[in-house]
Amino acid sequence: MKSKFSVQTYVGIVLLSLSGAAIYLLPYLRWSYYDALMEASGLNNTQFGVTMSVFGVLAMIFYPVGGLAADRFSAKKLLSIAVIGSGILGVWYSTFPSYMAQVVIYAGWGVLSTLTFWAAMMKATRQLGSSDEQGRLFGLVEGGRGVLSTIVSFAALFAFSKMGEGLGGLKGIIVAMSVVNIVTGILIFFFLKEGQREDVKEEGQKKLQLSDIVRILKMPAIWLISLIIICCYSVYLGSTYLTPYFTNVIGATASFAALLSIMRTYVLQFLGAPTGGMLADKIGSITKVINGCYVVMIAALVLIILLPSTKGAMIPLIIVLLALCGGIFAMRGIYFATIDEVDIPIHVTGTAVGIVSIIGFMPDVFISALCGKFLDVFEGAAGYRAIFIMMLAFAVVGLISTMLLLKLNKRGRANERTENK
């Protein structure tokens with residue numbers, strides 16, 4: 001029977017969702033205010049691009065280190081340090097200092113978002129409840145991030161327009177987002193309760209050993225989870241090209257494409273992630289839901305490839321797009337919860353998350369460049385069709401990986417029943 005969450009668990013879900021939204025507001029502010037932010041910063045396009053590259057490279061490097069940190073130190077303290085530190089850097093950024101200072105700020109955001117934040121957030125989420133609650137917990141935290149990101153982003157946009165869309169308005173947005181980070185960090189420090197799971201008390205006494213890391217690296221399940229995430233994340237990044245596909249090829253207006261983008265990015269995130277989590281807990285298997293999500297994604301991508309690239313096909317394309325992104329976000333909400341399903345010990349959760357993350361989020365390094373190459377080499381609809389075929393290939397590999405993980409889990413449960421006889 002599905003258990004009910006306590007008030008303390010809901011407080012934890014809200015705080016983790018808020019921190020997961022807040023810490024990425026500042027480094028990714030450029031995607032909404034690119035021209036205004038570049039002008040205010042006094043940088044050229046190359047310098048502006050370098051700052052984000054520094055963020056991305058350092059974030060990738062520190063994923064595994066952050067995993068080790070999450071298993072050595074209190075997740076609550078790491079999260080507080082991460083969001084408060086991000087907010088302090090944001091206040092500095094609002095003064096638009098020199099180029100090198102901005103490089104340092106983006107480097108700081110990159111380190112904080114992974115060394116002290118990402119794995120700690122995954123571990124804190126896992127600790128909020130028992131194994132049969134993991135789908136809902138991860139789904140609600142991911143969905144909450146979508147809701148809060150949407151609210152803060154639209155509030156910032158409204159304030160920016162009311163303040164004249166100038167330098168003063170931009171500074172106000174940055175300072176406000178910095179304050180959100182700092183306040184979130186303080187709330188986490190005082191109100192996030194760690195170790196609500198019964199097995200956390202026993203596991204909390206254990207210290208991370210080198211042998212634990214070696215044991216994790218030898219687990220086939222970890223590599224299958226990494227494959228599942230890298231494939232889903234690749235399809236997700238590829239789906240961002242659906243917006244220009246609708247405008248450049250199908251003939252949709254820019255405003256209609258923007259509406260589709262909001263539906264794809266925000267609405268489906270806060271609807272899909274909790275739905276995936278509730279389904280996983282209801283049927284008792286996170287991996288089975290992921291398997292179903294891949295089936296939906298593959299069917300949607302086949303239809304996108306086969307449907308004509310004409311305005312007349314816009315309605316079926318929109319329906320297929322929503323199905324595709326629904327599958328993506330339902331999976332993104334729960335794919336880290338598989339770490340609990342394959343019985344990774346609590347005290348090495350962070351390390352497992354770090355290992356999986358550096359592999360799973362590697363598409364950040366190459367997908368955009370690959371998609372850009374397709375669009376340059378092939379003209380018009382053919383370039384986008386090449387992107388969709390690439391996404392389909394990743395989805396098929398992801399489905400195969402999920403089926404292998406299901407088989408591995410089934411074998412593990414069979415062995416456990418044999419040992420208990």
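No experiment lies behind these values; they were computed from the predicted model shown.
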Next on the checklist: If I compare all heavy atoms of Leu25 with all of Val152, which pair ends up nearest, and what's the gap?
Outcome noted: CD1-CG1, 3.6 Å
Next on the checklist: Strictly distance-based, threshold 3.5 Å: is any side-chain N or O of Ser80 a donor or acceptor partner for the main-chain N or O of Gly185?
Outcome noted: yes
Checklist entry - Roughly how far apart are Ile81 CD1 and Ile88 CD1, rounded to 0.5 Å? => result 10.5 Å
Item to check | Within-4.5 Å side-chain heavy-atom neighbours: Thr275 and Phe329 | outcome: no
Checklist entry - Parallel under 30°, tilted from 30 to 60°, perpendicular over 60°: which one fits the rings of Phe336 and Trp118? => result perpendicular
Checklist entry - Going through the distances and angles, do Ser19 and Arg145 end up as a side chain to side chain donor-acceptor pair (under 3.5 Å)? => result CA-CA 8 Å; Ser19 66; Arg145 287 177 66 196; over 6 Å; no
Item to check | Crowding at CD, Gln47 (>12 non-hydrogen neighbours, <6.0 Å) | outcome: yes
Checklist entry - Within the distance-only criterion (no hydrogens, no angle test), does the side chain of Thr114 pair as donor or acceptor with the backbone N or O of Gly110 below 3.5 angstrom? => result yes
Next on the checklist: Counting neighbours of CZ on Phe189 that are heavy atoms of other residues, nucleotides or ligands and sit closer than 6.0 Å, is the number greater than 12?
Outcome noted: no
Item to check | Beyond-backbone contact of Leu29 with Ile174, side-chain heavy atoms, under 4.5 angstrom | outcome: yes
Checklist entry - Quick one: does Thr338's side chain get under 4.5 Å of Thr287's, heavy atoms only? => result yes
Next on the checklist: Using only atom types and a distance under 3.5 Å, with no angle test, would you say the side chain of Asn291 pairs donor to acceptor with the backbone of Thr402?
Outcome noted: no
Checklist entry - With distance as the sole test, does Ser239 use its side chain to make a donor-acceptor pair with the main-chain N or O of Tyr236 at under 3.5 Å? => result yes
Checklist entry - Which atom names give the shortest non-hydrogen contact between Val289 and Leu279, and what distance separates them? => result CG2-C, 3.9 Å
Item to check | Nearest non-hydrogen partners of Thr349 and Asp71, listed with the distance | outcome: N-OD1, 3.4 Å
Item to check | Crowding at CZ, Phe73 (>12 non-hydrogen neighbours, <6.0 Å) | outcome: no
Checklist entry - Hey, does the side chain of Ser149 reach the backbone of Gly146 with a donor-acceptor pair shorter than 3.5 angstrom? => result no
Item to check | Distance (rounded to the nearest 0.5 Å) between Leu43 CG and Gln102 CD | outcome: 4.5 Å
Item to check | Met122 side chain reached by Phe138 side chain, heavy atoms, under 4.5 Å | outcome: yes
Item to check | Sole candidate of Trp92, Phe117, Tyr93 that passes ring pair (Phe, Tyr, Trp, His ring centres under 6.0 Å) when paired with Trp109 | outcome: Tyr93
Item to check | Between CG on residue Leu140 and CD1 on residue Ile334, distance to nearest 0.5 Å | outcome: 12.0 Å
Next on the checklist: So, taking the atom named CG in Leu307 and the one named CG in Leu317, what distance separates them when rounded to the nearest 0.5 Å?
Outcome noted: 5.0 Å
Next on the checklist: Rounded to the nearest 0.5 Å, what separates atom CD in Gln134 from atom CG in Leu128?
Outcome noted: 8.5 Å
Checklist entry - Taking Tyr106 as the fixed residue, which of Leu58, Leu89, Thr51, Leu26 is the one that meets the side-chain contact (heavy atoms from CB on, under 4.5 Å) rule? => result Thr51
Next on the checklist: Between Ser234 and Ile230 (side chain of the first, backbone of the second, donor and acceptor by atom type, cut-off under 3.5 Å), is there such a pair?
Outcome noted: yes
Checklist outcome for this item: For Ala352 and Ile222 the tightest heavy-atom approach is CB-CD1, 4.0 Å
Item to check | Side chain Asn181, main chain Ser86, donor-acceptor under 3.5 Å | outcome: no
Next on the checklist: Contact between Val396 and Tyr294 at the side-chain level, heavy atoms closer than 4.5 Å - yes or no?
Outcome noted: no
Checklist entry - Ser17 side chain to Val141 main-chain N or O, any donor-acceptor pair under 3.5 Å? => result yes
Checklist entry - Between Trp223 and Leu227, is any pair of side-chain heavy atoms under 4.5 Å apart? => result no
Checklist entry - Are Phe256 and Phe246 close enough, and set up right, to give a ring pair (Phe, Tyr, Trp, His ring centres under 6.0 Å), and what steps lead you there? => result CA-CA 9 Å; Phe256 185 75; Phe246 269 86; 7.3 Å; no
Next on the checklist: Would you compute the distance between atom CG of Asn248 and atom OH of Tyr384 and round it to the nearest 0.5 angstrom?
Outcome noted: 4.0 Å
Next on the checklist: Just so I know, are the side chains of Ile328 and Val235 near enough to count as touching, which here means a heavy-atom distance under 4.5 Å?
Outcome noted: yes
Item to check | Met52 to Pro27 - nearest heavy-atom pair and separation | outcome: SD-O, 3.6 Å
Checklist entry - Heavy atoms, side chains only, cut-off 4.5 Å: are Leu406 and Lys410 in contact? => result no
Next on the checklist: Main chain of Ser130, side chain of Glu133: is a donor-acceptor contact present, judged purely on distance under 3.5 Å?
Outcome noted: yes
Item to check | Worked verdict on Phe388 versus Tyr245 for ring pair (Phe, Tyr, Trp, His ring centres under 6.0 Å) | outcome: CA-CA 11 Å; Phe388 302 147; Tyr245 176 66; 5.0 Å; yes
